[in-house]
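What follows is a short report on a single structure.
Lettering of chains follows the sequences in order, A, B, ..., and the numbering in each one begins at 1.
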Amino acid sequence: MSRCTNAACPAQVYERVRHFASRGAMDIEGLGDVMAQQLTERGLVAEIADIYRLDEAALAQIPRTGKKSIESLLRNIAASKGRGLARLLYGLGIRFVGTQTAQILATDFGTIEAIADADNAQLQRSEGIGPEVAGSVVLFFKQPANREMIARLQRAGVQMTAPKRAARAGGRLEGETFVLTGTLPTLTRDEATELILAAGGKVTSSVSKKTDYVVAGDEPGSKLTKAERLGISILDEAALRRLVKA
DNA sequence: GAGCCTCGAGATCT
DNA sequence: CTCGAGGCTC
């Protein structure tokens, strides 16, 4: 696979902005595919940090964007500053760093500076980080343009810290691995994940012998079948809540 | 090397 | 959600 290396090319800027604002990353509602396209095409956003410089006058240039949408978007942009290090890291779009890896790095290192200054060997001490991923992270933070972008985000007030792992250790679900499938009655996937993480548990995406519990909701997928075959404990939402509180 | 797991893309649904 | 590719662990 080939990768375009011109960071300034419009298609690259658009992709970065779109990914940064996406649900798993900074979750900026109102800044989806279409808005990202408009902002980058019009030169209102030439790099990620420009998102935080947008104001009413700039947004008013965009067709079909009235006072209400503008107010709401600006509010959502402001709210995104507090999403925390894990989401921010994922949002930066570092190769091989998805939500899981970003989460691990965030809780292991605690601040963006610690990650940016870590060398290959230090990064590899984290679970799931091998030579390839570590190399990719080092490469990203070696680029002066990336360090500058981060500095600009920081100046804009974007928070770049995370509670360290220690703060969460000793939870009731310490050492337990969970997999979610189907739709839960009252919790979203993110909320269920957060509940488990907060109790010291771990959430992965595929069922294996190492899975301790499968949390199944309505219309579960093949993960439930696999869990039954492997004899893994199945929980519904109520049982998960009980386990967390137990 | 085997098995596990994440990433990332594409399909499905709301 | 599923699934393949490929990185990581043991």
Extract all donor-acceptor atom pairs below 3.5 Å that involve side chains of residues 202-209 of chain A and protein atoms in other chains or at least two apart in sequence.
unit_1: A:K202; atom_1: NZ; unit_2: A:E127; atom_2: OE2; d: 3.3
unit_1: A:S208; atom_1: OG; unit_2: A:K210; atom_2: N; d: 3.1

Open item on the list: Does anything in residues 203-222 of chain A come within less than 4.0 Å of DNA chain C? Heavy atoms only, and list the residues if so.
Closed with: A:G221, A:S222

Open item on the list: List the residues meeting salt bridge (charged side-chain N to carboxylate O under 4.0 Å, His left out) with A:R152, not counting sequence neighbours, and say none if there are none.
Closed with: A:E47

Open item on the list: I'd like the 5' and 3' limits of the part of DNA chain C contacted by chain A, with heavy-atom contacts below 4.0 Å.
Closed with: C:dC1 to C:dT9

- [ ] To the nearest Å, give me how far apart CD1 (A:I104) and C1' (B:dC4) are.
- [x] 13 Å

Task: Under 4.5 Å side-chain linkage, directly or through intermediates, the cluster mates of A:L139 - done: none

Task: Those residues that, when tested against A:D212, pass salt bridge (charged side-chain N to carboxylate O under 4.0 Å, His left out) (two or more places apart) - done: none

- [ ] Check the distance between B:dC5's P and A:K226's NZ and give it to me in whole angstrom.
- [x] 9 Å

Task: Distance, rounded to the nearest Å, where A:R16 contributes CZ and B:dG8 contributes P - done: 15 Å

Task: Partner residues of A:E29 under the side chain to side chain donor-acceptor pair (under 3.5 Å) criterion, sequence neighbours left out - done: none

TODO: Keeping to residues at least two apart or across chains, list the ring pair (Phe, Tyr, Trp, His ring centres under 6.0 Å) pairs with something in residues 182-219 of chain A.
DONE: A:F178-A:Y213

Open item on the list: Using a 4.0 Å heavy-atom cut-off, does A:K223 contact any base of the nucleic acid, only the sugar-phosphate backbone, or nothing at all?
Closed with: sugar-phosphate

Open item on the list: Which residues in residues 84-102 of chain A have a heavy atom closer than 4.0 Å to any atom of DNA chain B?
Closed with: A:F96, A:V97, A:G98, A:T99, A:Q100, A:T101

- [ ] Provide the full list of salt bridge (Lys or Arg N to Asp or Glu O under 4.0 Å) pairs with a residue in residues 224-246 of chain A, sequence neighbours left out, each pair given once.
- [x] A:E237-A:R241

Task: Distance, rounded to the nearest Å, where A:Q103 contributes CD and B:dC7 contributes C1' - done: 16 Å

- [ ] Please identify each residue that fulfils side chain to side chain donor-acceptor pair (under 3.5 Å) with A:E41, with sequence neighbours left out.
- [x] A:Q37

Task: Side-chain heavy atoms of A:R83 within contact of A:M26, under 4.5 Å - done: yes

TODO: May I ask you to check whether A:D108 and A:S126 show a side-chain donor-acceptor distance below 3.5 Å?
DONE: yes

- [ ] Please collect all ring pair (Phe, Tyr, Trp, His ring centres under 6.0 Å) contacts where either partner lies in residues 3-58 of chain A, sequence neighbours excluded, each pair once.
- [x] A:H19-A:Y90

- [ ] Write down the distance between CG (A:L180) and P (B:dT6), rounded to a whole number of angstrom.
- [x] 12 Å

